[in-house]
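For reference, the structure is listed below as structure tokens.
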Protein chains: 2
Amino acid sequence: MPVTTRPVTIRDVARQAQVSVSTVSRALTAPELVRAETRVRVLEIADRLGYQPNPAARSLITGRTGNLGIVVPDLGNPFYPGVMRGAQASARDSGRSVFFCDSGGSARQEAALVRSLAPQVDGLVLCSPLTGGAELAELVALRTTVLLNRPLPGVSSVLMDSRSGAEAALARLALLGHQRCAYLGGPDESWTNGERLAGLRSASDEHGVGLRALGPFPPSFAGGELGADEALGAGVTALVAYNDLMALGALQRLRERGVAVPDRMAVIGFDDLLYSAVCHPSLTTVALPMEEGGRAAVRELLARLAGEPPSTRVLPTALRVRASTG
Amino acid sequence: MPVTTRPVTIRDVARQAQVSVSTVSRALTAPELVRAETRVRVLEIADRLGYQPNPAARSLITGRTGNLGIVVPDLGNPFYPGVMRGAQASARDSGRSVFFCDSGGSARQEAALVRSLAPQVDGLVLCSPLTGGAELAELVALRTTVLLNRPLPGVSSVLMDSRSGAEAALARLALLGHQRCAYLGGPDESWTNGERLAGLRSASDEHGVGLRALGPFPPSFAGGELGADEALGAGVTALVAYNDLMALGALQRLRERGVAVPDRMAVIGFDDLLYSAVCHPSLTTVALPMEEGGRAAVRELLARLAGEPPSTRVLPTALRVRASTG
DNA sequence: ATGAAAGCGCTAACAG
DNA sequence: CTGTTAGCGCTTTCAT
């Protein structure tokens, strides 16, 4: 049974080093203010004692925590781990820790999470927030915030250009001779969903392709299965899903139903998950820069924390043509 | 430009409510100690002012944060998001936030992460830690900790019984007539890896199947691609990968090389990711209870925080036979 | 270059 | 039931 020993405080170090607590504090946070000799002794003793500054105490006085927070709607969607990896890469370079949180795809939980997270971090990245309008404005006011895939006036954001991706996808379908296409919609609250639908709409007008907007469906594998059934009922020959997870679900359902892909139904997704290249048939998809999105968002957040004004950055997307469109 | 307003403190609330700060504090943290009338007034004013207790100040005095931390080695492996979802589900019920962190698959970073995270949470779950020996002992001493897939005397752990899973996998291969099998090993530091190898060894002895242990390989898709090449050189007819991600990578590489699965090479993984059922050919795998693992780990952590003694829990696994073994 | 002292915002005895 | 008081561990003026 390990005895619960009292943690080492700055005072313990000061006593051992025969200096005041202020000197210890300075040796740790502003070394240039301490005589080299003293500093070395203090640091050495701190190290020997295993001294770890109490972050709560430090944060109480400085108002900073050294942490960043990232909120994503769904850890189960590999898109977000991709973003998180990028984010972590940027953050690590700056010596900050990142706290990831999952809002579970609910706007209510998202808001609650942000409120509880905000005071524990210096800055936040909200990925594809479900919260909108006045409440979103309220949330971003809590802390320096960068939005991913959601624009908001006066707030930093990193956007992925899914609209042109959607246009490219539909153009591809038109080129292949498809006349009727369904869109398996994601969450109505999602900016991305609106962009994708808008891109499909404008391109379908341009190419004279009929577009049926279905949904909204849960943006998950299961949602794609559901959506495939509806698309089947809608008499279309092509289906564009809100994301790859849905597209994979749709592929699965179509296989179960004996519907040949791409012969009887072409399928396109968004994201370009690892699995989209591996599944069968491999998935044509609009590739989104996941890691770069995470990196850019944190980079922007660090810039904001360093005093830069808010900015918006749009990242390009690209259609990856694979087997599911023939 | 939003003006940076000074945050509302407990004093602001106290002044407005014409009570002392203690009464406000109590109204929020121990409502039964305050007269109903007073409490209502205080809470109402706190709400109107948008008062949010400063967590640093609170934590400084109570020594608690209300947060849990979970460290995983690789967000890119869908196994961990699965665990995280389970963990979050358990935590949410108890009203605690969970901070997820990614150690990036490096023991050094893992240790650093734990050290920085420990003082900011009440308890930790370390998933498949790469750190071992004395250093792991040191880490778990920092905070109440539950280990996932790593046993340690005197420390709570939740283990998944991959050893019997491995035995079942090899038995299956023996049944199908395979004589020579390769194991694509994961990280040497991983307890799970040892268990799987041990299970394969004992079953291969029992069934008279030759076993070649290859690796270690990175426990990733790319690692599986590498491993498949080595397995091909080893003249085996079956391959068991450390995890599904590797198995998927192996499938991909075998397809590129024109090696038919399962006819010329059978493939088995561990985890049962969503994609393992969807890929082609679908993957035979030892299913691990990801969400349940996360749930159980947090449940155990909460029990520890509530004063229960450490305990070890072993969760069962199950072989899912699919197309990759014929 | 260093020390003394004040106080960050909050909770927890201890009185009343 | 409520107010007063005393810090939690640390950083930061302000002196020296």
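Chain letters run A, B, ... following the sequence lines, proteins first and then strands; every chain starts at 1.
When rounded to the nearest whole Å, the span between CZ of B/Arg11 and C1' of C/dT11 equals 13 Å. Counting to the nearest Å, the P atom of D/dT12 and the CD1 atom of A/Ile10 are 11 Å from each other. In this structure, CZ of A/Arg64 is placed 16 Å from P of D/dC10, rounded to the nearest angstrom. As rounded to whole Å, 14 Å separates atom P of D/dC10 from atom CD of B/Gln120. The nearest whole Å value for the distance from the CG atom in B/Asn54 to the C1' atom in C/dG9 is 6 Å. Atom-to-atom, CG of A/Leu60 to P of D/dT12 comes out at 12 Å; the value is rounded to the nearest Å. Atom-to-atom, CZ of B/Arg15 to P of D/dG3 comes out at 14 Å; the value is rounded to the nearest Å. Atoms CG (A/Leu28) and P (D/dC10) sit 10 Å apart, rounded to a whole Å.
A distance of 8.5 Å separates CE of A/Met84 from SG of A/Cys101, quoted to the nearest 0.5 Å. Note that CD of B/Glu44 is 10.5 Å distant from CG of B/Leu49, once rounded to the nearest 0.5 Å. The line from CG of B/Asp74 to SG of B/Cys127 is 12.0 Å long, rounded to the nearest 0.5 Å. The structure places CG of A/Asp188 at 6.5 Å from CG of A/Asn193, a figure rounded to the nearest 0.5 Å. In this structure, B/Gln88 CD and A/Gln109 CD are separated by 7.0 Å, a value rounded to the nearest 0.5 Å.
Within 4.0 Å of A/Thr23, counting heavy atoms only, lie sugar-phosphate atoms of the nucleic acid but no base atom. Within the 4.0 angstrom heavy-atom criterion, only backbone atoms of the sugar-phosphate kind lie near A/Pro53; the bases stay farther away.
Side-chain atoms of B/Thr65 and B/Gln120 form no donor-acceptor pair, as typed in the model, at a separation below 3.5 Å. Checked by atom type, the side-chain pair A/Ser190/A/Ser128 shows no donor-acceptor distance below 3.5 Å.
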Problem set entry | Test log, rule ring-ring contact (aromatic ring centres under 6.0 Å, His included), inputs B/Phe99 and A/Phe99 | CA-CA 5 Å; B/Phe99 291 152; A/Phe99 291 153; 3.8 Å; yes
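With axes fitted over five pairs at each extremity, the angle between the ends of the helix from C/dA1-D/dT16 to C/dG16-D/dC1 is 30° (10° resolution).
For residues 31-41 of chain B, proximity to DNA chain D is found at B/Leu33, B/Val34, B/Arg35, B/Thr38, defined as any non-hydrogen atom under 4.0 angstrom from a strand atom.
Interface remark: the B/Ser22 side chain does form a donor-acceptor pair with the D/dT4 base, using a distance-only criterion of under 3.5 Å.
In terms of position on DNA chain D, the residue among A/Gln52 and A/Arg26 whose nearest nucleotide sits closer to the 5' end is A/Gln52.
Of the residues listed (B/Val146, B/Val298, B/Thr144), the one engaging B/Leu68 in a side chain to side chain contact (heavy atoms under 4.5 Å, CB included) is B/Val298, and it is the only one.
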